[in-house]
Protein chains: 2
Amino acid sequence: MGRVAGQIDLSKTEAILNAAAEVLSARGVSAPMEEIARRANVSKQTIYNHYGSKAELVQALCERRVQEMTAGLESPEAALHPEEALASFGRILLLGLTQMNGAAFLRMAMTSVTVMPEVARAFFEAGPRASRARLAEFLRAETLAGRLFCPDPLEAAEFFGGMVVGSYQTAALLGVERALDEAKIDRIAKEAARRFLRAYAT
Amino acid sequence: MGRVAGQIDLSKTEAILNAAAEVLSARGVSAPMEEIARRANVSKQTIYNHYGSKAELVQALCERRVQEMTAGLESPEAALHPEEALASFGRILLLGLTQMNGAAFLRMAMTSVTVMPEVARAFFEAGPRASRARLAEFLRAETLAGRLFCPDPLEAAEFFGGMVVGSYQTAALLGVERALDEAKIDRIAKEAARRFLRAYAT
DNA sequence: GGAAAGTTGGACTCCGCAGTCCAGCTTACA
DNA sequence: TGTAAGCTGGACTGCGGAGTCCAACTTTCC
């Protein structure tokens, strides 16, 4: 094993986080720590060496996951044609929900509202809110450039996000799986972008 | 008390259901039965007389609640101007989320996916799915009448629903409360309707 | 007044899980 | 080779909640 004498084994930290992601997504926050330990090929005690409590583990997991889900939203797509930029944005949103149990993970975050509100809130800020803000910024720039007319860019961004993600998200959160392959995702994102542009044309 | 000899007391059934709605919304599905009993001024045993288990109670609650939340969507608003009809539809969706802990209730339904999937699924079918289908039907009729052009009415309905509800729903589910008075609801619904019509104009 | 069914509250069983403890083991460095 | 730290696994404590049981009380009908 690539670990140093008496030093915490970072590869185990990874394994624990991965196992937690799988188990907690599938079984919800109430899944027992023991199962996470088993999945990570690690003893329960080791988990408590790395993360002081279940809450801390969930917190760390949320932080990592929200980064994965919003990765790609940072790239400056302003160079693209607005329609393509919007479609790309929509694709990323949907992929975040589809890939790697994204929806199940979101459900887990919601579940934790009653028991650990700060975690859920942080997730919201770093995830949905940040992504909408990012889109709003883009819309504002496009408006200034005269290619679009969004008097209220944040509202427009929320509308667009809702269009793209809305129906799939609600269904998935309620446990109704719709197969959504890349082709369909592409179609939805493109169509939403097209309609959105019509709605907000100059 | 208005109850018959040895017959189950229907007014208690009501009280239990109301108490369950409050407690389960506030504290999540994991809230103890004892608390529901206390809130309903009823003994725990009585709850088990009326509903055989916690799952059955939650089920009954979901069934009642979904009716409350979708009430008003049945009225034939086709007579209205499309923009007003859409705005009205949007208002009802938002009110369902805002009034009486609607969002918290939705969260509860989602939370119960892992432990009682059938309940969540039934909720989805009777709630979000039915309402979108209803709207799609309206859009199809308007398209046939030449006042709108929605080649894919169901997709359009989902887009509209997402626009109206999307941002508020995600935030609320993650425990971030935005004050949303009737005036704001009205504004959002109207604006969404207006934009939607532009996107789907003939 | 008695029978039938419901209600009460409180005690009680059973279960599952978070988190702790410990004894024995492994690893790496000095 | 000693020692300092981490890891293992399994036993253990403590807690909280679902669902049951029961003896005493209430209500209505016959």
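Predicted model only: the values in this text are computed from it and were never measured. Each chain gets a letter, A, B and so on, in the order its sequence line appears, and its residues count up from 1. Side chains included, hydrogens not; waters and symmetry mates left out as well; all remaining heavy atoms used.
Backbone-only engagement by A/Ala31 is indicated by non-hydrogen atom pairs under 4.0 Å involving sugar-phosphate atoms exclusively.
Atom CD in A/Glu35 sits roughly 13 Å away from atom C1' in C/dG16 (whole-Å rounding). The interatomic distance linking B/Asn49 (CG) with D/dC21 (P) rounds to 13 Å, in whole Å. Rounded to an integer number of Å, the gap from B/Glu34 CD to D/dG17 C1' is 9 Å. With rounding to whole Å, B/Leu24 atom CG is found 13 Å from D/dG17 atom P. Between the C1' atom of C/dT7 and the NZ atom of B/Lys12 lies a distance of 6 Å, rounded to the nearest Å. Rounding to whole angstrom units, CD of residue B/Glu56 and P of D/dG19 are separated by 10 Å. One interatomic measurement links the two molecules: CZ of A/Arg38 to P of D/dT8, which rounds to 14 Å at whole-angstrom precision.
Sorted by first then second residue, the ring-ring contact (aromatic ring centres under 6.0 Å, His included) pairs that include residues 92-137 of chain B, not counting sequence neighbours, are B/Phe105-B/Phe123. Pairs passing the side chain to side chain donor-acceptor pair (under 3.5 Å) check and including a residue from residues 118-127 of chain A, sequence neighbours excluded, read A/Glu125-A/Arg129. Counting only residues at least two apart or on different chains, no ring-ring contact (aromatic ring centres under 6.0 Å, His included) pair has a member in residues 15-37 of chain A. For residues 25-34 of chain A, the set of pairs meeting the side chain to side chain donor-acceptor pair (under 3.5 Å) definition, not counting sequence neighbours, comprises A/Arg27-A/Glu35.
Proximity of A/Val42 to A/Ile36: side-chain heavy atoms (C-beta onward) are nowhere separated by under 4.5 Å.
Of all the residues in residues 40-48 of chain A, A/Asn41, A/Val42, A/Ser43, A/Gln45, A/Thr46 reach under 4.0 Å from DNA chain D with at least one non-hydrogen atom.
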With a cut-off of 3.5 Å and sequence neighbours excluded, list every side-chain donor-acceptor pair involving residues 159-175 of chain A.
unit_1: A/Ser167; atom_1: OG; unit_2: B/Glu158; atom_2: OE1; d: 3.3
unit_1: A/Gln169; atom_1: NE2; unit_2: B/Thr170; atom_2: OG1; d: 3.0
unit_1: A/Thr170; atom_1: OG1; unit_2: A/Gly166; atom_2: O; d: 3.2
unit_1: A/Thr170; atom_1: OG1; unit_2: B/Gln169; atom_2: NE2; d: 3.0

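When the side-chain nitrogen and oxygen atoms of A/His50 are compared with OP1 and OP2 of D/dC7, one or more of them lie within a distance under 4.0 Å.
For A/Ser53, taking side-chain heavy atoms from C-beta onward, the closest of the listed nucleotides C/dT7, C/dG19, D/dG6 is C/dG19.
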